[in-house]
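Each residue takes its place number in the sequence, starting with 1. All values reported here derive from a predicted model rather than from experimental measurement. Counting convention: from 1, in listed order, for ligands and their atoms alike.
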Amino acid sequence: MTQPGELAIDYDDVASAQRRLAGVVHRTPVLRSTTGDASTGATLHFKAEHLQRIGAFKFRGGYNAISQFDAAQKAAGVIAFSSGNHAQAIALSARLHGIRAVIVMPEDAPAIKIAATRGYGAEVVLYDRYTQDREALGRELAASEGLTLIPPFDHPHVMAGQGTAALELFDEVGELDTLIVPLGGGGLISGCATVAKTRFPRCRVIGVEPEAGNDAQQSVACGEIVAIDTPRTIADGAQTQALGKLTFPIIQRHVDEIVTVSDTELVESMRFLASRMKQFVEPTGCLGLAAALSGRVEIAGQRVGIVLSGGNVDVDRFAQLVRSDERR
Ligand SMILES: *Cc1c(COP(=O)(O)O)cnc(C)c1O
């Protein structure tokens with residue numbers, strides 16, 4: 001159980017976020033798949049966050065954070081640095097609140113994400129993710145323009161907002177034996193695990209990160225945050241270098257296991273979701289399903305929740321990925 005003051009968020013923070021988000025966020029559907037159940041021997045419940053506003057769960061955390069700005073913060077505006085979905089989340093949330101948004105994005109981010117961010121009316125500043133420190137750049141801009149920086153995961157309001165995805169899932173399907181969650185910087189899983197362990201302490205929470213960047217797995221194993229070079233993986237939403245100071249302790253406390261999947265397994269899951277379930281999900285959004293289908297997690301005979309975290313991938317890029325898999 002969460003001790004007040006010890007961890008960055010508790011269950012009540014997620015419940016308050018749910019009240020702030022009511023009527024703004026989409027209550028995304030929970031999908032089922034007979035084929036998925038047959039091939040895993042489990043009963044799978046997919047929380048379809050690729051159908052969320054901006055195409056990913058990140059709208060939840062972004063909106064929850066901005067809705068708590070005071071008048072001075074709203075007058076100056078918000079700044080974010082992001083590989084994409086957080087950028088769109090902050091851009092749309094800022095527009096809904098009628099405030100200015102400046103977004104610092106890597107220049108190799110998917111074109112669809114850069115265009116969508118500009119489309120929501122945000123000012124976009126591009127940087128080179130392999131040579132420039134986006135945090136330093138973001139903090140510099142924030143200081144010179146008086147903007148409030150909202151980080152993509154390591155912020156209590158962001159983490160609490162992301163947890164509302166799990167809150168909705170449990171409200172709809174009740175107790176689960178296992179909840180499988182994509183893992184980058186840990187904002188999504190820290191919110192979801194907080195909800196899971198409060199509501200159903202016996203529910204196992206599993207984080208899934210790309211094989212190329214298993215910094216979370218290493219961090220939990222050695223008991224301190226391990227930083228790695230930006231991993232080269234198709235899971236661009238999980239190309240983080242390290243867990244956050246706030247997300248790590250929650251992951252240590254509430255996450256039972258962290259597993260990894262390969263890019264090939266992600267592509268297989270994209271194909272499965274498209275062909276069997278008619279769902280268009282981005283590589284990072286497939287981390288949870290890939291772990292289930294590859295047998296990386298023990299789930300036979302269980303009721304399982306899987307968060308499909310996002311669907312923002314260029315159509316051409318999607319076609320290229322699933323086609324190259326076919327040729328192998
Ligand atoms: C950001 C993101 C993740 C990872 O979330 P964290 O809070 O950084 O762990 C997973 N999937 C998608 C689609 C994302 O945009």
Side-chain angles (χ1 to χ4, degrees), residues 8-9 14 28 46-62 64-65 80-92 105-106 109-110 112-113 116-117 150-166 179-194 205-210 213-217 219-220 225 230-231 233-244 246-248 250-251 254-255 258 261 266 269-270 273 279-291 306-313 318:
I9 59 164
V14 184
T28 54
F46 297 92
K47 182 60 172 164
E49 285 296 298
H50 59 298
L51 304 176
Q52 186 50 263
R53 293 183 79 168
I54 72 103
F57 70 89
K58 285 209 174 64
F59 178 66
R60 297 173 181 275
N64 188 47
F81 39 86
S82 163
S83 61
N85 287 334
H86 178 62
Q88 293 177 65
I90 292 297
L92 176 59
M105 295 183 85
I112 187 179
K113 294 186 179 181
T117 305
I150 299 295
F153 50 86
D154 213 29
H155 187 295
H157 300 167
V158 172
M159 293 153 63
Q162 318 305 31
T164 62
L179 178 64
I180 310 179
V181 185
L183 173 50
L188 177 62
I189 203 170
S190 52
C192 291
T194 298
V205 179
I206 313 286
V208 188
E209 57 185 351
N214 72 332
D215 61 288
Q217 205 176 41
S219 301
V220 169
I225 299 173
T230 301
T233 165
I234 59 171
D236 58 278
Q239 273 183 317
T240 40
Q241 293 173 273
L243 294 173
L246 305 180
T247 59
F248 179 56
I250 296 184
I251 289 167
H254 290 321
V255 173
I258 297 174
V261 296
L266 289 177
S269 292
M270 289 168 76
L273 284 158
Q279 303 299 314
F280 188 85
V281 180
E282 66 181 274
T284 317
C286 294
L287 283 165
L289 175 60
I306 294 177
V307 179
L308 299 177
S309 52
N312 291 323
V313 52
F318 184 94

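- Under the salt bridge (Lys or Arg N to Asp or Glu O under 4.0 Å) criterion, E49 pairs with R60, not counting sequence neighbours.
- The two residues A87 and T117 come nearest to each other via the heavy atoms CB-OG1, 3.7 Å.
- Contact of the P182 side chain with the L188 side chain is registered, since non-hydrogen atoms from C-beta on lie closer than 4.5 Å.
- In this structure F59 satisfies the ring-ring contact (aromatic ring centres under 6.0 Å, His included) test together with Y63, sequence neighbours excluded.
- T28 and L51 get closest at one heavy-atom pair: CG2-C, 3.9 Å.
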Which atom pairs, nitrogen or oxygen on both sides, join ligand 1 and the protein at under 3.5 angstrom?
from	atom 1	to	atom 2	distance (Å)
ligand 1	7 (O)	G187	N	2.9
ligand 1	7 (O)	L188	N	2.9
ligand 1	8 (O)	G185	N	2.9
ligand 1	9 (O)	G184	N	2.8
ligand 1	9 (O)	G185	N	3.2
ligand 1	9 (O)	G186	N	2.8
ligand 1	11 (N)	S309	OG	2.6
ligand 1	15 (O)	K58	NZ	2.7
ligand 1	15 (O)	N85	ND2	2.8

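- Judged as a ring-ring contact (aromatic ring centres under 6.0 Å, His included), and not counting sequence neighbours, H50 has no contacts.
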